[in-house]
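Labels below follow one simple rule: chain letters A, B, ... track the order of the sequence lines, proteins then strands, and each chain is numbered from 1. If you're wondering where the values come from, they're calculated on a predicted model, not measured in any experiment.
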There are 2 protein chains.
Amino acid sequence: MEAAAAPKPRSAPRTGAAALATELRIALMRATRRLRAEKADTDLSDGQLSVIALLEREGPKTPREIAAYERVQPPSMTRTLTALLDLGLVTRTEHPDDRRQVLIAVTGSGAATVRETRRRRDAWLTRRLAALTPEERDVLARATQILRRIADS
Amino acid sequence: MEAAAAPKPRSAPRTGAAALATELRIALMRATRRLRAEKADTDLSDGQLSVIALLEREGPKTPREIAAYERVQPPSMTRTLTALLDLGLVTRTEHPDDRRQVLIAVTGSGAATVRETRRRRDAWLTRRLAALTPEERDVLARATQILRRIADS
DNA sequence: TATTGTTATACTCTATAACTATA
DNA sequence: TATAGTTATAGAGTATAACAATA
């Protein structure tokens, strides 16, 4: 970090929750972004990876369900699923009850990619954590529990 | 579900840094996902807001410095800066020593936008943080600094 | 008529390569 | 030659609107 002098020394800075929210949000976004860069040796995008991870975790779903979970519109999911189908990472079968719908399921190859990516991300983060002091790791461990509660609220 | 078991020497499977890595990774991803869902209504993109927030925080910088900080390529930053210039949120002046370079600085309007957008955009997280104890907020504040270092490594 | 999924089309963000102007 | 910034161009991801098939 270079020594860049702030133009306006904040005399009475925002304190408490509001100030922390900004800093924490940026840190979370940035750390997650860096973590996402660690993935299996594939050309899969975040969205594609997220989809097969969801299917590997929860089983087959319809495109609309997947789109809702991923918070994108159905046409966007169509595009993502087409790419995954071409890569052989998911399959597309008729819905047994409703012929308008289709069921998307992860393949063995897709599931393997998911597991490999998890392994790499854990490995990357483990290396970083190992370089910290025990006190710092303790801070992160406690922060983990707090973040979990916040995310579930 | 367990983390992907690596065939590597993981003699101490779920202790110390490795165990924390898995839990922290999940917590980070989940919290970030939840945070993105609460994205406030602003005309500025994530990248644009991040740039003026950086300039408001650390003072004028060259496009290349900003690009490096934001981890994008210079042409991408040119586009972002052009948009911010058109919006009157930043200024563009000659570098005093090197005429190849330019200095980008946030305007009063830009700084006001940063503060206002922070307030609205962080509302969700601020409410969650306000519900924590001071000790818990302190943990998150310290975790923020650690996460920043990790993300930059 | 309503719903599921897709296609058509456009916009945003990012990237690489090439160009200019300075050093 | 090397560096800073920009322009030209392309690719990926997302969105809305319109369409086909089915309920």
Side-chain angles (χ1 to χ4, degrees), chain A residues 2 4 26 29-30 32-34 36-37 39-40 42-55 60-87 89-105, chain B residues 32-33 36-55 60-87 89-105 117 121:
Chain A
E2 63 182 350
I26 292 172
M29 296 271 190
R30 193 165 298 167
T32 302
R33 180 177 179 177
R34 183 64 184 83
R36 284 187 196 282
K39 56 189 176 188
T42 63
D43 292 334
L44 293 184
S45 69
D46 285 354
Q48 291 165 349
L49 201 48
S50 184
V51 167
I52 58 175
L54 169 68
L55 296 174
K61 292 187 178 301
T62 68
R64 189 163 290 265
E65 287 175 327
I66 302 171
Y69 193 93
E70 297 292 321
R71 299 176 194 275
V72 298
Q73 294 302 308
S76 302
M77 188 47 62
T78 292
R79 189 191 185 99
T80 299
L81 295 177
T82 298
L84 292 174
L85 280 162
D86 290 346
L87 292 168
L89 300 178
V90 300
T91 58
R92 191 174 173 284
T93 60
E94 287 182 1
H95 194 286
D97 303 327
D98 186 339
R99 290 205 301 170
R100 291 174 306 185
Q101 301 185 39
V102 296
L103 276 178
I104 308 295
Chain B
T32 302
R33 182 186 197 88
R36 279 189 210 281
E38 293 295 329
K39 190 163 150 189
D41 49 300
T42 173
D43 291 338
L44 295 180
S45 69
D46 285 355
Q48 291 167 350
L49 179 60
S50 186
V51 167
I52 57 176
L54 169 68
L55 296 175
K61 290 187 179 299
T62 68
R64 189 164 291 265
E65 287 174 326
I66 302 171
Y69 194 93
E70 297 292 319
R71 298 179 188 277
V72 298
Q73 294 302 311
S76 302
M77 187 49 61
T78 293
R79 186 192 184 97
T80 298
L81 295 177
T82 298
L84 292 174
L85 281 161
D86 291 346
L87 291 168
L89 301 177
V90 301
T91 59
R92 188 173 174 286
T93 60
E94 287 183 0
H95 194 288
D97 303 327
D98 187 338
R99 289 205 302 167
R100 291 174 305 181
Q101 301 185 38
V102 295
L103 276 178
I104 308 295
T117 305
R121 196 171 185 186

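As rounded to whole Å, 11 Å separates atom C1' of D/dG13 from atom CG of A/D46. Straight-line distance from the NE2 atom of B/H95 to the P atom of D/dT3: 16 Å, rounded to whole Å. Between the C1' atom of D/dA12 and the CE atom of A/M77 lies a distance of 15 Å, rounded to the nearest Å. Atom CD of B/Q101 is separated from atom P of D/dA2 by 18 Å (rounded to the nearest Å). In this structure, the CD atom of A/E70 is 13 Å from the C1' atom of D/dG13, given to the nearest Å. Straight-line distance from the CG atom of A/L49 to the P atom of D/dA12: 17 Å, rounded to whole Å. The separation between B/K61 atom NZ and D/dA4 atom C1' is 16 Å, rounded to whole Å.
The side-chain contact (heavy atoms from CB on, under 4.5 Å) check on A/A83 picks up A/Q48, with sequence neighbours excluded. Legend: residues meeting salt bridge (charged side-chain N to carboxylate O under 4.0 Å, His left out) with A/R34, ordered by chain and number and at least two apart, are A/E38.
Judged as a salt bridge (charged side-chain N to carboxylate O under 4.0 Å, His left out), the pairs with a partner in residues 67-87 of chain B (not counting sequence neighbours) are, in order, B/R71-B/D152.
Of the two residues contacting DNA chain C, namely B/Q48 and A/P63, the nearest-nucleotide position lying further toward the 5' end is that of A/P63.
Within the model, atoms OH of A/Y69 and NZ of A/K61 stand 8.0 Å from one another, a figure rounded to the nearest 0.5 Å. Once rounded to the nearest 0.5 Å, the distance linking CG of A/L44 with CD1 of A/I52 reads 5.0 Å. Atom CZ of A/R92 is separated from atom CG of A/L84 by 13.0 Å, given to the nearest 0.5 angstrom.
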>> Determine whether A/R36 and A/L49 satisfy the following criterion, side chain to side chain contact (heavy atoms under 4.5 Å, CB included), listing intermediate values before the conclusion.
In response: CA-CA 10 Å; A/R36 284 187 196 282; A/L49 201 48; over 6 Å; no
> After noting the C-alpha distance and the side-chain angles of B/V51 and B/L89, does the key distance pass the side chain to side chain contact (heavy atoms under 4.5 Å, CB included) rule?
Replying inline: CA-CA 10 Å; B/V51 167; B/L89 301 177; over 6 Å; no
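Listed here is the closest heavy atom pair of B/P63 and B/M77: O-CG, 3.8 Å.
Residue B/T62 places none of its side-chain N or O atoms closer than 4.0 Å to OP1 or OP2 of D/dA4.
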> Which letter, B, S or -, goes with each nucleotide of nucleotides 14-23 of chain D from 5' to 3', with contact meaning a protein heavy atom under 4.0 Å?
Replying inline: BBBB----BS
For residues 93-105 of chain A, dump all side-chain donor-acceptor pairs below 3.5 Å to protein atoms at least two apart in sequence or in another chain.
unit_1, atom_1, unit_2, atom_2, d
A/H95, ND1, A/D97, N, 3.1
A/H95, ND1, A/D98, N, 3.3
A/D98, OD1, A/R100, N, 2.9
A/D98, OD1, A/R100, NE, 3.2
A/D98, OD2, A/R100, NE, 3.4
A/D98, OD2, A/R100, NH2, 2.9
A/D98, OD2, A/Q101, NE2, 3.3

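Base pairing in DNA chain D gives the following stems of 3 or more Watson-Crick or G-U pairs, range against range and under 3.5 Å: C:1-23 with D:1-23.
The residue B/T82 sits apart from the nucleic acid: no heavy atom pair falls under 4.0 Å.
Scanning DNA chain C 5' to 3' for nucleotides with an atom closer than 4.0 angstrom to a non-hydrogen atom of chain B gives a first and last hit of C/dC13 to C/dA23.
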